[in-house]
Amino acid sequence: MISPSHIAIIMDGNGRWGLKKYNDRNKGHYYGLQNINKVIKNCIKLNIKYLTLYTFSTENWNRPKKEIEYLFFLFKFFYQKNFNKINKNNIRIKFIGDLKNIPADLKVIIKKIQEKTKNNNRITVVFAFNYGAKSELINAFKKIHKNKKNKISEQLISNNLYTKNMPDPDILVRTGGEKRLSNFLLWQLSYAELFFIEKSWPDFNFFDLKKIVNKFSGIKRRFGGLDE
Ligand code: IPE
Ligand code: IPE
Ligand code: MG
């Protein structure tokens, strides 16, 4: 049985779930965020070492201001509420994305939680926040250009991404029924196994995760080679 070491999740379908159940998209965001604690616990149970969560994309700025404000309010609330528990449980938190346009109070919390948990090692939970794969690649190329590096290699590009020093995801899960990547980890997902789930994110549970991990264990990953 091969277990995955890194799972990346596009936590989608919150808004539709909230609308259907409570006639309110924001309720979906609220319950979606509650589900993050559970999925972290479940990943620890399955001995997964990296979990990357698509939390807010560079394209999500296209949403109504009110929804964006509520999301930022929820994120702040979530990190404040869970900070001690996360640290006590030996969980390392990392953020990837462009923190430039994030409200100052949220930025302070993000930096603090990242700094305080940096030596924890039970699991690394990566929040992709104001993240877009294209902007990540542009930043990487800019850095490479600035450092006058002419010998371009896969390693050099990987080393200049936000995900430097992290293994690429073995599995990508997208909940909410859509089958697209929405500008998420385009470089890093080049060999991931893709799982598209109909269920919305607030309903995604341990059994859904276990089913995916079991299925993954049975897949022969050839990486371009042949079966023995
Ligand atoms: C994903 O759920 C959460 C964020 C993008 C922040 P959505 O809000 O996209 O939910 P749907 O896809 O509209 O149902
Ligand atoms: C992707 O979901 C972003 C996050 C889950 C944070 P979206 O709902 O924003 O993606 P599209 O707009 O359907 O492609
Ligand atoms: Mg969506």
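Remember, it's 1-based here, ligands and their atoms both numbered in the order they're listed. Because only heavy atoms are used, hydrogens play no part in the values below, and waters and symmetry mates are left out as well, while side chains stay in. Since the model is a prediction, treat every value here as computed from it, not as a measurement.
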Donor-acceptor check, side chain of Asp24 to backbone of Asn26, threshold 3.5 angstrom: yes or no? yes
Check whether Ser153 reaches the backbone of Leu156 with its side chain - one donor and one acceptor, N or O, closer than 3.5 Å. yes
Near the Mg ion (ligand 3) (under 2.8 Å) - protein N, O or S atoms: Asp12 OD1
Does any N or O in the side chain of Asn130 come within less than 3.5 Å of the main-chain N or O of Leu99, such that one atom is a donor and the other an acceptor? no
Can you confirm whether or not the ring centre of Tyr79 sits under 6.0 Å from the ring centre of Phe95? yes
Residue pair Tyr54 / Asp12, side-chain donor-acceptor N/O under 3.5 Å: no
Can you name the residues that come within less than 4.0 Å of ligand 1, going by heavy atoms only? Met11, Asp12, Gly13, Asn14, Gly15, Arg16, Arg25, His29, Thr55, Asn60, Arg63, Leu71
Mark yes or no for whether Arg174, through its side chain, and Arg180, through its backbone, hold a donor-acceptor pair below 3.5 Å. yes
Give the intermediate values and the outcome of side-chain contact (heavy atoms from CB on, under 4.5 Å) for residues Lys215 and Glu193. CA-CA 10 Å; Lys215 207 157 175 195; Glu193 304 297 333; over 6 Å; no
Could Glu115 and Lys111 be called an ion pair, given the rule that one side-chain N must be under 4.0 Å from one carboxylate O? no
How about Ser217 and Asn214: does a side-chain donor come under 3.5 Å of a side-chain acceptor? no
Under 4.0 Å from one or more heavy atoms of Arg180, ligand 2 contributes atoms 11 (P), 13 (O), 14 (O)
Smallest separation among heavy atoms of Cys43 and Leu51, with atom names: SG-CD1, 3.9 Å
